Visitor: 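Right, I'll just put the structure down here and ask away after.
Whatever order the structure lists them in is the order used to number ligands and atoms, beginning at 1. Please read these numbers as outputs of a predicted model, since none were measured by experiment. Both backbone and side-chain heavy atoms feed into the values below; hydrogens, waters and symmetry mates do not.
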Amino acid sequence: MAQQSGQQVKRVTTKTVMAMKKEGNKIACLTAYDYVTAKLLDQAGVEIVLVGDSLAMVFQGEETTLPVTLEDMLYHAKAVVRGVRRALVIVDMPFMTYQGNPEEGFRNAGRIMKETGAGGVKVEGGERVAEMIRMTAQAGIPVMGHLGLTPQSIHSFGGYQPRGATKEEARRIIAEARVLEEAGVFSIVLEKIPATLAAKVTQSVSIPTIGIGAGIHTDGQILVVSDMLGLYEDFHPRFVRRYANLAEEIRSSVGKYVSDIKSKKFPSKDESYTSLVSRK
Ligand code: KIV
């Protein structure tokens, strides 16, 4: 239990989301990278807040997710954890902090858990990260998997095209989902794969699948918060539904602020201190 505005809140755990799959209740997930956004997402009812390494692109302005460091992730994850009372917070393990050898990945996952207070970590890949997942899950650290378009492998894929389009790759994704389940993940993100393949993966495993660009049949959905709020305008994949246009809101609000300053409409008398009594 956690406190939210004086009330007890039941925390979402890995058990909660695993039960949601069994009950047929869809799981709502979003990314967050800071305290204020995480708090709003939590209050709005998302079950999982992912501190995604997408922050490299939408927060730091990098071209790919590769440059983000473990120190960066620790910094953002701590801020997110402070904002969340109910949701399960999962932290992406950055590129080259777990692929090298299982022990190194295991130690870095431990750092994330100890230093941020998050509820678990996420890693990309199948067979090649299975041993690291096994060690980490056995130590009591919840691990989320990620298959399909795994952005940390963007240079070997050669671009952001959908994955799993050939029979052979589709078969491999289904097999890798089973490997991840056997290794101990509590859920799997499926990114940018055909909806029919995502449906097959979802039926093949007993843990929840969370889709992004993977159609309607996954157990839950995730989007990058800056995409769905219309804040990040650099590109707009077809799977992103924009629920707001915050970029335009910010531009026009800041434009008004600038013009109010130039025309001396801001600050007004009410926004100024006229005596020492009114200090608010
Ligand atoms: O880094 C990220 O934001 C992600 C999601 C898109 C699943 O991995």
Side-chain angles (χ1 to χ4, degrees), residues 17 26-34 37-38 41 46-70 72-77 79-80 84 87-99 109 112 116 118-126 129 133 142-154 157 160-164 173 177 180 185-193 198 201-202 207-215 218-229 231-232 234-242:
V17 293
K26 294 279 186 184
I27 305 158
C29 319
L30 277 173
T31 66
Y33 318 107
D34 66 277
T37 311
L41 305 189
V46 300
E47 272 92 23
I48 297 179
V49 175
L50 172 71
V51 187
D53 61 354
S54 51
L55 76 82
M57 297 168 79
V58 300
F59 198 91
Q60 299 177 323
E62 300 283 1
E63 273 187 21
T64 69
T65 59
L66 273 57
V68 75
T69 66
L70 184 59
D72 293 336
M73 295 306 294
L74 293 169
Y75 173 87
H76 286 274
V80 167
V84 170
L88 174 63
V89 178
I90 301 297
V91 182
D92 248 337
M93 295 196 65
F95 179 59
M96 291 318 288
T97 62
Y98 62 96
Q99 290 96 335
I112 290 174
T116 70
V121 298
K122 175 164 87 55
V123 296
E124 297 183 5
V129 289
I133 292 172
V143 185
M144 182 182 243
H146 187 156
L147 294 172
L149 179 69
T150 44
Q152 292 177 11
S153 304
I154 201 64
F157 292 150
Y160 288 94
Q161 301 84 359
R163 309 304 309 176
I173 290 172
L180 290 184
V185 300
F186 74 92
S187 72
I188 305 174
V189 169
L190 298 175
E191 181 163 350
K192 222 170 175 183
I193 61 172
V201 176
T202 301
I207 48 172
T209 56
I210 309 293
I212 173 163
T218 52
D219 299 304
Q221 297 290 333
I222 187 162
L223 284 176
V224 169
V225 72
S226 336
D227 289 340
M228 66 81 78
L229 293 179
L231 200 52
Y232 184 71
D234 293 7
F235 65 85
H236 184 180
R238 67 183 267 181
F239 59 79
V240 171
R241 184 178 296 178
R242 284 212 166 133

Visitor: Numbering the atoms of ligand 1 from 1, which are under 4.0 Å from a heavy atom of Ile212?
Guide: 6 (C)
Visitor: Using 0.5 Å steps for rounding, measure from the CG atom of Leu50 to the CD1 atom of Ile212.
Guide: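 Answer for the CG-CD1 pair, Leu50 versus Ile212, is 9.5 Å.
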Visitor: Below 4.0 angstrom from a heavy atom of His146, which ligand 1 atoms are there? Numbered from 1 as shown, please.
Guide: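 The atoms of ligand 1 under 4.0 Å from a heavy atom of His146 are 8 (O).
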Visitor: Counting only heavy atoms closer than 4.0 Å, does ligand 1 sit against the backbone of Asp92, its side chain, both, or neither?
Guide: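 Side chain only; the backbone of Asp92 stays clear of ligand 1.
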Visitor: What pair of heavy atoms forms the shortest contact from Leu147 to Ile173, and how long is it?
Guide: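 Closest pair (atom of Leu147, atom of Ile173, distance): CD1-O, 3.8 Å.
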Visitor: As an exercise, state the distance from CD of Gln99 to CE of Met93, rounded to the nearest 0.5 Å.
Guide: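 These two atoms lie 8.5 Å from each other.
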Visitor: Do you know the tightest heavy-atom contact between His146 and Leu180?
Guide: N-CD1, 4.3 Å
Visitor: Among all protein non-hydrogen atoms, which one is nearest to atom 5 (C) of ligand 1, and what is the separation to 0.1 Å?
Guide: Leu50 CD2, 3.8 Å
Visitor: So, for Pro142 and Phe186, which heavy atoms are closest and what is the spacing to 0.1 Å?
Guide: CB-CD2, 3.9 Å
Visitor: Which residue supplies the protein heavy atom nearest to atom 2 (C) of ligand 1, what is that atom called, and how far is it?
Guide: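 It is Ser54 OG, 3.3 Å.
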Visitor: Using a strict 4.0 Å cut-off to heavy atoms of Gly52, name the atoms of ligand 1 that fall inside it.
Guide: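 Within the 4.0 Å cut-off of Gly52, ligand 1 contributes 1 (O), 2 (C), 3 (O).
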Visitor: May I ask you to check whether Tyr33 has an N/O atom sitting below 3.5 Å from an N/O atom of ligand 1?
Guide: no
Visitor: Identify the closest protein heavy atom to atom 8 (O) of ligand 1: which residue and atom is it, and at what distance?
Guide: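 Checking every protein heavy atom, the shortest distance to atom 8 (O) of ligand 1 gives Lys122 NZ, 3.0 Å.
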Visitor: Pair up each side-chain donor or acceptor in residues 221-229 with any protein partner under 3.5 Å, not counting sequence neighbours, and list the distances.
Guide:
from, atom 1, to, atom 2, distance (Å)
Gln221, NE2, Gly215, O, 2.9
Gln221, NE2, Thr218, OG1, 3.2

Visitor: What distance separates Glu62 CD from Leu55 CG, expressed to the nearest 0.5 Å?
Guide: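 Rounded to the nearest 0.5 Å, the CD-CG separation comes out at 10.0 Å.
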Visitor: What are the atoms of ligand 1, with element, lying closer than 4.0 Å to any heavy atom of Thr31?
Guide: 3 (O)
